Every structure is written in structure tokens, then in C-alpha cells.
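The sequence lines fix the lettering, A, B, ..., with proteins before strands; numbering per chain opens at 1. The model shown is predicted, which means the values in this text are computed figures rather than measured ones.
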Number of protein chains: 2
Amino acid sequence: MRVAEPTVERLVQYYRFLRQLHEEGRRVISSQDIGLTLGLKASQVRKDLSYFGEIGKRGVGYHVERLYDHIRNILSSPRVWKMGLVGVGHLGTALLGYNSLRSDKFGIEALFDVDPQKVGTSLGGISCHHVEDMPRIMQEKDIRVIILTVPAHAAQYCVDKALESGRLRGILTFTPVPVVVPRDVLVYGVDISVEMEKLLFYLKQEEVS
Amino acid sequence: MRVAEPTVERLVQYYRFLRQLHEEGRRVISSQDIGLTLGLKASQVRKDLSYFGEIGKRGVGYHVERLYDHIRNILSSPRVWKMGLVGVGHLGTALLGYNSLRSDKFGIEALFDVDPQKVGTSLGGISCHHVEDMPRIMQEKDIRVIILTVPAHAAQYCVDKALESGRLRGILTFTPVPVVVPRDVLVYGVDISVEMEKLLFYLKQEEVS
DNA sequence: TTTTGTGAAGTTTTTCACAGCG
DNA sequence: CGCTGTGAAAAACTTCACAAAA
């Protein structure tokens, strides 16, 4: 079944909220209350959840633990993805220590950089290799996904190196340039300065009116 | 005029690409070529640009420098926004040094944290204050926008402190929890782990098929 | 009575397709 | 002829509104 991207995004939010509710000992929750907390219409919440079968109880709501397990299953991964972090600068280091990026669905198995000061060292128990060695290391470690935190001008080069390994399946990029990949490689990511520009744009709008 | 969010997002991308083209000395570009580079349909590019008047030349394309100036105007800000960075951890520090976040539309005028080790010091010439002092400092410095890079559990508290100043107009958040604000405060942001979950979700989909 | 699940309606965004201008 | 600008169509996404279940 094809699940729309906005729905996946909200599922992750439902999942987090449900964990919190579960920890607080709450047993049951309505679409209304989920929506209130997450800033969504109740009908949106119900529609999202309905794509995956009837999970709620009419007149009652959703059983917190049951719905939690249900969404965990939807979001679950059939394998543990091995990842490489490319670009051990400020942002890369930040991500390495970022709690919300811990998960049992993936693990960062190698770091890559071009700085001779960093290559050969290790950070958080993960050793750093030269970008040139990506094809070999990715093959050896079966790394299929990379997190890209390199400067814009280096992005495409690093991606090409990763592609050389023949294993690359996905990229999480923080680089503010589009990268070119074959159609079977997925690219998701975040462009921080775009978010900033959006904020400034709509702040301006309000300023005028 | 109301401009849709997806359009603003793409305008930022056009703007960057045009800068690059301009630096390369290119004089003219077609919607086709813009789309090819940025992964968009030519019709999408033309539609976006048409919202702001007829700027291209039929049979020719868009004049790079003219279009560049045009989009700069659209994205321009009527003021220089003063911002505070709340949470001087790994991510906050990374953003401070992040090149793509430099702009003449805003400046980071103060740092805030709760760690006594950080309060009183300064980073990149910007001094760090205690979160408790946000209301006063924000008033003194006329800070109207905050960048939130605090742990999830601290987010709402920091936002409430910022609201106390009476100046808060916008938030750029990196926190994986929704924050509650009055309707006249804009919130944009990025949830890194949501992007990761999306990537993993669609990787899984491909795995199956 | 309460709250879900869901077709149908509504809204937003993208794509098409072609007239119109250089 | 080539490429833009743009109504109209299509697709994607959200909201409504109500029947049905607990």
C-alpha cells in the first residue's frame, strides 16, 4: 500500500506522543486529544490511522498501548541499516551526539572526512576514514545509507564516492544543494536555511499587514 | 498576495541556483534547465515565477541577473531581525558556525543556556545568558526571533520564557516536540529524526517490492 | 451517548496543454 | 520556431459530516 509522505510524518509524531502517554500510564486516548496536542484536526488523525485498519474503539477512542504497538509495526524496519556519517564537522558531530537520532533501526558504523586531522581518529567509538576509501569501507561494512553533513561544494563528490561502492540505497542530507543520484537511491533531508528563509518570509508578510 | 509555502521553498532554491549561474557568467536560463537541475517540472518553475509578474522572455528564457534580483526582492526583509540562540549544545554550536545560515536579514545577538559553565562566557563574540534572563535580555536587545536547540523536555519552558519578553514573533525549532505559542508567533523548524524515519520507511517499501 | 471509520466534498498544489509573444 | 505565461485538468491532501459501533 502506498502511504503518503505527510501521513508518515504524522505517524512519527503519533508514535512519540503515544510513548509519552504510555509512560504516564494513560490507557486510552481520542483522536480529538491527539489532535489537540499535536495541532491537527481530529479527522486528520482518524484518517491517518484508518489507512492501517480499524484500530480504535467507537465511543471509546484508541487503546494507547495497542495503538503504540500498531504504529511501531508500521514504522518498523525489516533490517538494521548500517550507516556512514560523511563530514565530521560541527553539524556531523552534533548529530552523532543527538539523542533523538538513536534508534534500533540503524547504527552509524563509520565516519568519513577529508581532514587528515580527523582521518584515523575515532569519535564515540566509531573510526573515521578518508572519503577516498568510502567505496571499500562501505563494501566491507555493508553500509547502505549515508548521512551527509559536508559543505555544499563537496556534496556531489562524496555522493559519487558512495555510489561507487555499489551499495548506496539512501541519503539523509543536510546540504543546501540538490544531489544527483540514480532513481533507486532515496534522498531525504533538511535544508536549514530554507526553513529560516520561510520563517523570515512569513514574518515579513505579517509585518506589512 | 498570498504565497504558498511550497512556492517559497522553491524560490529559495531558484535563488541559490541563480547565484551560482551568475557566478559562472551564464546570462540566460530556461525553466526547463532550472527544473532539470533542481528536480522539478519546467511547468512548476514557470508557475512559481509567474506569481510575481512576467519576468521571462518568450522564446528565450529568463535573464539570470534580472531573475536573481527579482527573487532577492521577493525574499527580501524589511528589517534586520535580531535573534537569540537558545541551547548552546552540539547542535546550537553547529548552527552558530554554519555558513549557510549567514544572512544580512538577521543576526544572532545573544545566546541562552542553563549550564553555569556556559552562562557568562561568549562564543563567536556573542555572550551567553541564563535562560531565566531571557525576558530582560530580549527586551534590551529587541530580540524577536529565537532559534531553539534545546532538549525536548526544556523546549516549552524556554518558549514560555521568550514569550514573557513580549517581543517574540518567530521560532526556528529543532526540537522534536510541538511547542505551544499564541497564534501570532510563527513556528518553523526541522525535525531531524522525522526525516530519518521517512527515509527508513520508504527504504523498507523498496525492500519489499 | 461518545467517538470511530469513511465516503464525499473541499482545498491546495502540481501538471498539462496550448495560446501568445519575441 | 522556442519558450513563457496561464487557464483548465488532474492529483494530492485535508476536512466535513454522518452512519455505525461500543
Side-chain angles (χ1 to χ4, degrees), chain A residues 1-14 17-18 21 26-71 74 178 194 198 201-202 205, chain B residues 1-14 17-18 21 26-71 74 178 194 198 201-202 205:
Chain A
M1 189 217 329
R2 179 59 177 62
V3 188
E5 202 175 307
T7 298
V8 178
E9 225 167 288
R10 288 187 298 264
L11 282 173
V12 176
Q13 304 193 90
Y14 302 151
F17 181 44
L18 286 162
L21 289 172
R26 177 103 180 235
R27 308 295 291 273
V28 161
I29 185 129
S30 66
S31 57
Q32 175 82 234
D33 288 351
I34 295 176
L36 233 46
T37 305
L38 300 179
L40 305 165
K41 289 251 153 71
S43 55
Q44 177 77 84
V45 175
R46 294 201 300 278
K47 178 67 87 183
D48 285 337
L49 297 176
S50 76
Y51 294 137
F52 306 94
E54 302 200 7
I55 192 73
K57 280 212 192 339
R58 295 172 192 228
V60 180
Y62 298 89
H63 187 278
V64 170
E65 197 168 347
R66 188 157 128 73
L67 183 53
Y68 181 69
D69 289 347
H70 191 67
I71 298 181
I74 296 165
V194 165
K198 278 197 292 190
F201 184 84
Y202 290 108
Q205 298 290 299
Chain B
M1 188 219 329
R2 179 61 177 59
V3 188
E5 201 175 308
T7 297
V8 177
E9 223 165 290
R10 287 186 298 264
L11 282 174
V12 177
Q13 304 195 90
Y14 301 151
F17 181 45
L18 286 162
L21 290 173
R26 177 104 179 232
R27 308 293 291 274
V28 162
I29 186 131
S30 67
S31 58
Q32 174 84 232
D33 288 351
I34 295 176
L36 232 47
T37 305
L38 301 179
L40 303 165
K41 288 249 154 70
S43 55
Q44 178 77 83
V45 176
R46 294 200 301 276
K47 178 68 89 184
D48 284 338
L49 298 176
S50 76
Y51 293 138
F52 306 94
E54 302 200 6
I55 192 72
K57 280 211 195 337
R58 296 172 191 226
V60 179
Y62 299 90
H63 187 278
V64 170
E65 198 168 348
R66 188 159 129 72
L67 183 55
Y68 181 68
D69 288 348
H70 191 67
I71 298 180
I74 297 165
V194 166
K198 278 196 292 189
F201 184 85
Y202 291 109
Q205 298 291 298

So, is A/R10 close to the D/dT14 phosphate, meaning a side-chain N or O under 4.0 Å from OP1 or OP2? yes
Please report, rounded to the nearest Å, how far the P atom of C/dG22 is from the CD1 atom of B/I55. 15 Å
Sub-4.5 Å side-chain heavy-atom contact between A/P6 and A/E9: no
Any donor-acceptor pair under 3.5 Å from B/Y202 side chain to A/E5 backbone: yes
Return the value, rounded to whole Å, for the distance between atom CD of B/Q32 and atom C1' of C/dT15. 14 Å
Do A/L21 and A/Y68 make a side-chain contact, defined as non-hydrogen atoms from C-beta onward lying under 4.5 Å apart? no
Looking at B/Y62, I'd like to know whether one of its side-chain N or O atoms comes within less than 4.0 Å of OP1 or OP2 on D/dG2. no
Are side-chain heavy atoms of A/V28 and A/Y62 found at a separation under 4.5 Å? no
On a heavy-atom basis, the closest approach of B/E54 and B/R66 is O-NH2, 4.0 Å
Separation of atom CZ in B/R27 from atom P in D/dC3, rounded to whole Å: 18 Å
Integer-rounded Å distance: D/dC13 P and B/E5 CD: 14 Å
Spacing between B/E9 atom CD and C/dT13 atom C1', to the nearest angstrom: 13 Å
In whole Å, what is the span from the CD atom of A/E54 to the C1' atom of D/dA22? 12 Å
Spacing between B/R58 atom CZ and C/dA19 atom P, to the nearest angstrom: 12 Å
Between C/dT4 and A/S31, is there an OP1 or OP2 to side-chain N/O distance shorter than 4.0 Å? yes
What residues in residues 33-51 of chain A put a non-hydrogen atom under 4.0 Å from any atom of DNA chain C? A/R46, A/K47, A/S50
A side-chain contact here means heavy atoms from C-beta on lying under 4.5 Å apart; do B/L67 and B/Y14 qualify? no
